[in-house]
K.L.:
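Can you read through this structure? Questions will come right after.
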There are 4 protein chains.
Amino acid sequence: MGEKRSDTKEKILEAALRLFSKKGFRETTIKDIAKEVGITEGAIYRHFNSKDEIIHDLLISITNELKEAIVKSMEKGGNEEEIFKNIIEALIDYAFNKPESYRFLNLYHLLKEYPQVIHLPGEQILKFLNNLYAKKKLKTYPEVALAVITGSVERIFIFKERNFLKHDTQLIKRELISTLKDALIG
Amino acid sequence: MGEKRSDTKEKILEAALRLFSKKGFRETTIKDIAKEVGITEGAIYRHFNSKDEIIHDLLISITNELKEAIVKSMEKGGNEEEIFKNIIEALIDYAFNKPESYRFLNLYHLLKEYPQVIHLPGEQILKFLNNLYAKKKLKTYPEVALAVITGSVERIFIFKERNFLKHDTQLIKRELISTLKDALIG
Amino acid sequence: MGEKRSDTKEKILEAALRLFSKKGFRETTIKDIAKEVGITEGAIYRHFNSKDEIIHDLLISITNELKEAIVKSMEKGGNEEEIFKNIIEALIDYAFNKPESYRFLNLYHLLKEYPQVIHLPGEQILKFLNNLYAKKKLKTYPEVALAVITGSVERIFIFKERNFLKHDTQLIKRELISTLKDALIG
Amino acid sequence: MGEKRSDTKEKILEAALRLFSKKGFRETTIKDIAKEVGITEGAIYRHFNSKDEIIHDLLISITNELKEAIVKSMEKGGNEEEIFKNIIEALIDYAFNKPESYRFLNLYHLLKEYPQVIHLPGEQILKFLNNLYAKKKLKTYPEVALAVITGSVERIFIFKERNFLKHDTQLIKRELISTLKDALIG
DNA sequence: GATGAATGAGATTTCATTCAT
DNA sequence: TATGAATGAAATCTCATTCAT
């Protein structure tokens, strides 16, 4: 019974993520979500107080998930160059393995003001880059490096989604990692 | 009279761009736009058949403007390295000088709300990169290079808008240009 | 077991009375009542067929309680003047000792939301006043006297609830009783 | 055109007053009001921002109207006894001539918390009673007197509405005025 | 061209009531 | 008896678009 409850709640979150990332926040209605789950609109409100709460819950869990992925990639160890490559790999993997979550995040941050409560995944990376910079191992400012990294990954993701990239995903990944490493490290 | 007409029409487009880029498409109402211009809702429909038409008109003119800026930057001449740098400079300048237009474009393309029939400014750049690649002067695939370039510029723009970048704009611009050049050319 | 059943039923009625009198009928939800009792919505329907039934049950029992209080006060005996004073005292005491019940009654009858099939407590008083009037001991029509009595008590109650009355409750009570007696009897 | 605008707004207020006073606030829907006026729900919102705003606007205008009636009755002059009688007459006349407004006021104050902004009509009367009391011309405390006056008028009004009073309105009015005068003044 | 009232469709949210467990 | 998820109807409010003036 406890199962059932979290089951529906989970289904709502999954459906909402799918729809938000496909159609946007405003364009996705509570009715859409309900229909996708196979319940009625009213039932949504047993599990969430508002549409905004659904969005916020998704934001929190996705942000944490991505942060964790980054932290985990940094903890895999190796020298700084390897850690750098691991981070980028983690970003790409997250984008490609959880495209809806990744898309949701980009959408949210483009559309909504940052609530200062949320710690962004980028913060983790920035700390590492600051450290590299202090050691003179970064070719540019940490913030610029962060922009290049996260911006490149996002665009690669979008290009892939739109079928602008003919090459194999693994190939693209290796290519991007090595390009960014050469561009920023050394 | 023709003057006057296009005057109001122009004002509507400007107001709409300002509001769309600040609040989003759905969040901006026809009434908002009318108020910003200083006319009433009904008057908007003298100049446009629908809200979507306003959006579409903006998309066309902004896309063309950016494409032109890129083309012009490529026509400035010089060797390939200089052209490469000119293109990136043109992108950054466009983003920083016409932030609303640049934001509009990003918003539009991320939302996928509207059909994407438009030829993107990136196509111009891609041709140039393809050419470089054929001459073995590009360190990675043209599509990857395009992703790195456009993604980096977008992120720098977002960081600047959110005050994540402390450094002077000109400094950042030079930094990004040289970083991307070293990363991709040679 | 019969005990237990009427126990929960009683708790529901008490909680409902508390909430209805504080927030109004429509503003109080079944969920509110259930929460106040410490059960869930569905459980309410084991004891009552509908929200209206709860309201109706409360109306009946409160009306009877007040009627009884009035009848009892009239049966205490004494001369007519004493009975008159006893009735008013009973009304005031009921209002001050059972404010939620008294408020419920006023709310119910003012709203006219529900059918008013109930015999009002005032009827008891009216009989007594009719009798006084026949004996030429009432200074005005019985209906007017009833209006003055019940209206005054209600307003005193409201003023007290809203802290418009600085004086001690007992003092106010004596004051109102003697004022009404002088005004109506003799 | 300005005519038309205030025309509809006025019609909405009239319809709303009629319905609120007959059915209560929650029981009256925006759709009810719109239907009564002969427009659609959406049209209401060109004239008012919310249902609450309609209620608030009505509260303000009715409160002012009643206050004015009281003030005007006090300014008619005469000795204190005459002023006292004039006030009560003004109250009764207001209740009987504007039953919907009077009912609205009672309903509002029973259901809603007092917003401290609103100055109640009773305040005007209380000042006068305080003055009488200081001169030893009032038989009881001013607050008690106010409760008796306003409570009696309200009940007379309710009795009349429910056909509990057989006598002629004018007779009742004279009767109540003289009863209250004898009860409170001297 | 311009106004602004009105429409009509749809979105979010609420809640009494039902029902499977 | 009790739970709480789900329904379904209705309420408030929004807004692109139309239309009489």
Side-chain angles (χ1 to χ4, degrees), chain A residues 1-9 12 26-34 37-54, chain B residues 1 4-5 7-9 26-34 37-54, chain C residues 1 4-5 7-9 26-34 37-54, chain D residues 1-9 12 26-34 37-54:
Chain A
M1 210 148 58
E3 278 303 314
K4 211 171 205 172
R5 173 198 212 151
S6 75
D7 218 40
T8 300
K9 186 162 187 170
I12 292 170
R26 286 292 280 264
E27 293 69 23
T28 300
T29 69
I30 292 288
K31 200 170 200 160
D32 290 337
I33 299 172
V37 176
I39 55 180
T40 56
E41 298 157 86
I44 301 270
Y45 288 88
R46 177 156 289 276
H47 302 279
F48 297 92
N49 290 314
S50 66
K51 188 177 168 181
D52 271 1
E53 194 178 292
I54 299 178
Chain B
M1 208 160 77
K4 216 172 202 171
R5 175 195 218 148
D7 213 41
T8 300
K9 187 162 183 170
R26 291 293 272 261
E27 291 73 14
T28 299
T29 68
I30 289 289
K31 198 169 193 169
D32 290 337
I33 299 171
V37 175
I39 55 179
T40 55
E41 302 146 274
I44 301 268
Y45 287 86
R46 287 272 144 203
H47 303 278
F48 298 93
N49 291 313
S50 68
K51 188 177 167 180
D52 277 3
E53 193 179 293
I54 299 177
Chain C
M1 209 158 77
K4 216 171 201 171
R5 176 197 219 150
D7 212 41
T8 300
K9 187 164 185 171
R26 291 291 273 262
E27 291 75 13
T28 299
T29 68
I30 290 288
K31 198 168 193 170
D32 289 337
I33 298 172
V37 176
I39 57 180
T40 52
E41 303 146 274
I44 301 268
Y45 288 86
R46 287 274 141 202
H47 303 279
F48 297 92
N49 291 313
S50 69
K51 190 178 169 181
D52 276 3
E53 193 178 292
I54 299 177
Chain D
M1 207 146 62
E3 279 301 312
K4 212 172 203 170
R5 176 201 211 148
S6 75
D7 217 41
T8 300
K9 187 162 186 171
I12 292 170
R26 287 292 281 262
E27 294 69 24
T28 299
T29 68
I30 292 288
K31 201 171 199 160
D32 290 338
I33 299 172
V37 176
I39 53 180
T40 56
E41 296 159 86
I44 301 271
Y45 289 90
R46 178 157 287 274
H47 302 279
F48 298 93
N49 290 314
S50 68
K51 189 177 168 181
D52 270 2
E53 193 179 291
I54 299 177

K.L.:
With rounding to the nearest 0.5 Å, note down the distance linking CG in C/Asp7 to NE2 in C/His47.
P.N.:
9.5 Å

K.L.:
Would you compute the distance between atom OG1 of A/Thr40 and atom OH of A/Tyr45 and round it to the nearest 0.5 angstrom?
P.N.:
11.5 Å

K.L.:
Hey, does D/Thr29 have a side-chain heavy atom less than 4.5 Å from the side chain of D/Ile33?
P.N.:
no

K.L.:
Closest nucleotide of DNA chain F for C/Ile44 versus for A/Ile39: which of these residues is on the 5' side?
P.N.:
C/Ile44

K.L.:
Under 4.0 Å between a side-chain nitrogen and a carboxylate oxygen: does that hold for B/Glu41 and B/Lys51?
P.N.:
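A salt bridge is absent here (no side-chain N lies under 4.0 Å from a carboxylate O).
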
K.L.:
Rounding to a whole Å, what distance do you find between B/Phe48:CZ and E/dG1:P?
P.N.:
11 Å

K.L.:
With the sugar-phosphate defined as primed atoms, P, OP1 and OP2, and the base as all remaining atoms, what B/S/- string results for nucleotides 11-18 of chain F, 5' to 3', for protein heavy atoms under 4.0 Å?
P.N.:
SBBBBSBB

K.L.:
Kindly compute the distance separating CD1 (D/Ile54) from OG1 (D/Thr28), expressed to the nearest 0.5 Å.
P.N.:
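Answer for the CD1-OG1 pair, D/Ile54 versus D/Thr28, is 10.5 Å.
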
K.L.:
Does F/dT7 have a Watson-Crick or wobble mate here (both distances under 3.5 Å), and if so which one?
P.N.:
E/dA16

K.L.:
What's the spacing between B/Arg26 CZ and A/Arg26 CZ if we round to 0.5 Å?
P.N.:
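Going from the CZ atom of B/Arg26 to the CZ atom of A/Arg26 covers 6.5 Å.
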
K.L.:
With a 4.0 Å limit, can you tell me whether A/His47 has a side-chain N or O closer than that to the phosphate oxygens OP1/OP2 of F/dG4?
P.N.:
no

K.L.:
Looking at E/dT21, which nucleotide sits across from it as a Watson-Crick or G-U wobble partner, both distances under 3.5 angstrom, or is there none?
P.N.:
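Check on E/dT21: paired to F/dA2, both distances under 3.5 Å.
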
K.L.:
Can you tell me how far P of E/dT12 sits from CD of A/Glu53, to the nearest Å?
P.N.:
15 Å

